[in-house]
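All remarks here apply to the structure that follows.
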Amino acid sequence: MSEIRYDKLHDTHVIIAPERLRRPDCNLGHDPLHTQRTCPFCEGNEGITPPEIFAIRSVPSTENTPGWQTRVVPNLYKAVQIETPDTHHLGIFEYWEGFGAHEIIIDTPSHHTSMVEWSLADTVAWLKTLRQRIGDLRRDNRIAYISLFKNEGFQAGSTQSHSHTQLIGLPIIPRVQEERYRRTLHHFLTTQQALVETVLTHETDASVRIVAREGDFTAFCPYASGYPFEVMITSSKAIGQIDTLQEGAINDLSILLMVILQKLKRQLGCLHFNLWIDTPPLYPVMWDGRVIEVDAAYRFSIRIMPRVFRSGGFESGTGMMINPVLPELAAKLLRGGENG
């Protein structure tokens, strides 16, 4: 029997409908991304991309040359650009100039097509790169919001097979995110507890949707998962945000992230997914004349959304997802089928 579950984190409803379970849409035998001949993201092809913004290098080497572990460049097909004036035009046809940051983080010099193929060192370097880029852009007070995400596989919207991450910084906060910030802050002021912390406490008590733990981090399939085998990784503790994570937290998070991706790969075979890293308000929040520390009210989290089935008109028209896989079953399968 189906259920309409409420997602307290995102203030939306999800239909959990096991009766609609069918063969996955993902096709292991056909991936149009693998037809690309020359990869601009591979080591040795630095001249094909725009000049790099940042890189982690294992050996001393000149920028825009081989010898890097991760590399950040402007997106060649950028949605917004840092060179544009941050001008806001008012009136009936209101708009901002296309100001912002749109960067590509090339996750690894090797032509890995999936995060599942990464080593632990690759994952650590990737997280440290994200930490540096968010920390750097936070200092630009023209940027009000940063979206940090990965599209892996053509089912998830990727247009390059080489593993990469995207960053988009905007002079505005998207309405959906602004509403989420407001709900999260209201919850904190009412309960003196971060909303994610409350959710994770209840998930821990219920235990049936917990998948794995490492250090202060917990991975679980959310109660109102919008996607089959959706996994969220977060911490109940105030450990900082992506740009302030300490070395120990980055190592623990890297281990857990690799464990979860391996588990997803084993269960799904064809693993195409979107990965989204939550970025809370970039600056301290004012409420009723006092400053609310961001780390107290908001928690760092990663959301992994496998693209097992294509969505349709109902989802687009209502904003409600239909998920045919019970999150409790997904968590059990990811744990390895054991009880508890």
Side-chain angles (χ1 to χ4, degrees), residues 33 36 39-57 61-86 96-113 115 118 122-153 156-174 177 241-245 250 257 273-283 300 302-303:
L33 300 183
Q36 188 181 40
C39 175
F41 295 165
C42 280
E43 188 173 29
N45 292 340
E46 292 80 11
I48 300 178
T49 68
E52 69 188 46
I53 299 169
F54 173 80
I56 291 180
R57 296 180 177 274
S61 54
T62 307
E63 62 182 33
N64 301 307
T65 64
W68 48 274
Q69 290 178 277
T70 62
R71 187 165 178 262
V72 184
V73 298
N75 193 319
L76 189 61
Y77 306 102
K78 54 181 73 77
V80 290
Q81 48 193 344
I82 206 76
E83 301 84 5
T84 300
D86 60 326
W96 290 78
E97 302 280 351
F99 164 80
H102 193 173
E103 301 177 0
I104 294 288
I105 296 94
I106 306 172
D107 303 325
T108 167
S110 303
H111 193 78
H112 292 319
T113 58
M115 286 184 78
W118 291 8
D122 290 333
T123 312
V124 169
W126 174 68
L127 285 170
K128 288 182 177 180
T129 303
L130 303 185
R131 180 175 67 179
Q132 193 280 339
R133 292 313 305 139
I134 298 296
D136 181 49
L137 289 170
R138 186 191 290 273
R139 292 190 286 270
D140 188 335
N141 59 17
R142 298 173 299 171
I143 293 177
Y145 172 76
I146 298 174
S147 177
L148 197 54
F149 61 96
K150 280 182 67 68
N151 304 324
E152 182 164 303
S158 180
T159 57
Q160 287 281 352
S161 59
H162 193 125
S163 188
H164 65 284
T165 306
Q166 294 192 59
L167 178 159
I168 297 180
L170 299 172
I172 61 171
I173 302 176
Q177 201 62 28
Q241 307 303 331
I242 183 63
D243 60 319
T244 59
L245 288 179
I250 283 181
L257 186 55
F273 64 90
N274 300 109
L275 182 151
W276 183 65
I277 297 179
D278 189 20
T279 51
L282 295 178
Y283 312 104
F300 170 82
I302 293 178
R303 187 181 179 197

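Quantities reported herein were computed from a predicted structural model and do not represent experimental measurements. For the single chain, residues carry numbers from 1 onward in sequence order.
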Could you tell me the separation between the [atom1] atom of [X] and the [atom2] atom of [Y], rounded to the nearest 0.5 Å?
X	Y	atom1	atom2	value
Thr70	Lys128	OG1	NZ	10.5 Å
Gln81	Glu97	CD	CD	10.5 Å
Cys42	Ile48	SG	CD1	9.0 Å
Asn75	Ile168	CG	CD1	7.5 Å
Ile250	Ile242	CD1	CD1	6.5 Å
His111	Cys39	NE2	SG	5.0 Å

Can you sort out the partners of Asp140 under side-chain contact (heavy atoms from CB on, under 4.5 Å), two or more places apart, ordered by chain and number? Ile82, Phe99, Arg142, Ile143
Under the rule for side-chain contact (heavy atoms from CB on, under 4.5 Å), what residues qualify as partners of Glu43, not counting sequence neighbours? Glu46, Pro66, Trp68, Pro109
Please report the closest heavy-atom contact between [X] and [Y], naming both atoms and the distance.
X	Y	result
Ala125	Thr129	O-OG1, 2.8 Å
His164	His162	ND1-O, 2.9 Å
Pro50	Pro74	CG-O, 3.5 Å

Would you say that [X] contacts [Y] through its side chain, given a criterion of any heavy-atom pair below 4.5 Å between the two side chains?
X	Y	value
Ile277	Thr165	no
Thr49	Leu76	no
Gln160	Pro40	yes
Leu245	Leu127	no

Backbone N/O of [Y] and side chain of [X]: donor-acceptor pair under 3.5 Å:
X	Y	answer
Ser110	His112	no
Glu152	Met115	yes
Thr279	Ile146	yes

Salt bridge (Lys or Arg N to Asp or Glu O under 4.0 Å): which pairs involve residues 71-82, sequence neighbours left out? Glu52-Arg71
Taking side-chain hydrogen bond (donor to acceptor under 3.5 Å, both in side chains) as the test, write out the residues that go with [X], two or more places apart.
X	result
Ser163	Asp107, Lys150
Ser61	Arg57
Asn274	Asn151, Arg307

With ring-ring contact (aromatic ring centres under 6.0 Å, His included) as the rule and sequence neighbours excluded, what pairs involving residues 134-153 come up? none
State which residues pass salt bridge (charged side-chain N to carboxylate O under 4.0 Å, His left out) with Asp243; sequence neighbours excluded, sorted by chain then number. Arg138
Partners meeting salt bridge (charged side-chain N to carboxylate O under 4.0 Å, His left out) with Asp278 (sequence neighbours left out): Arg180
Qualifying residues under ring-ring contact (aromatic ring centres under 6.0 Å, His included), relative to [X], sequence neighbours excluded:
X	answer
His102	none
Trp96	His88
Trp126	Trp118

Kindly determine whether Val72 and Gln132 satisfy side chain to side chain contact (heavy atoms under 4.5 Å, CB included), including the steps that lead there. CA-CA 10 Å; Val72 184; Gln132 193 280 339; over 6 Å; no
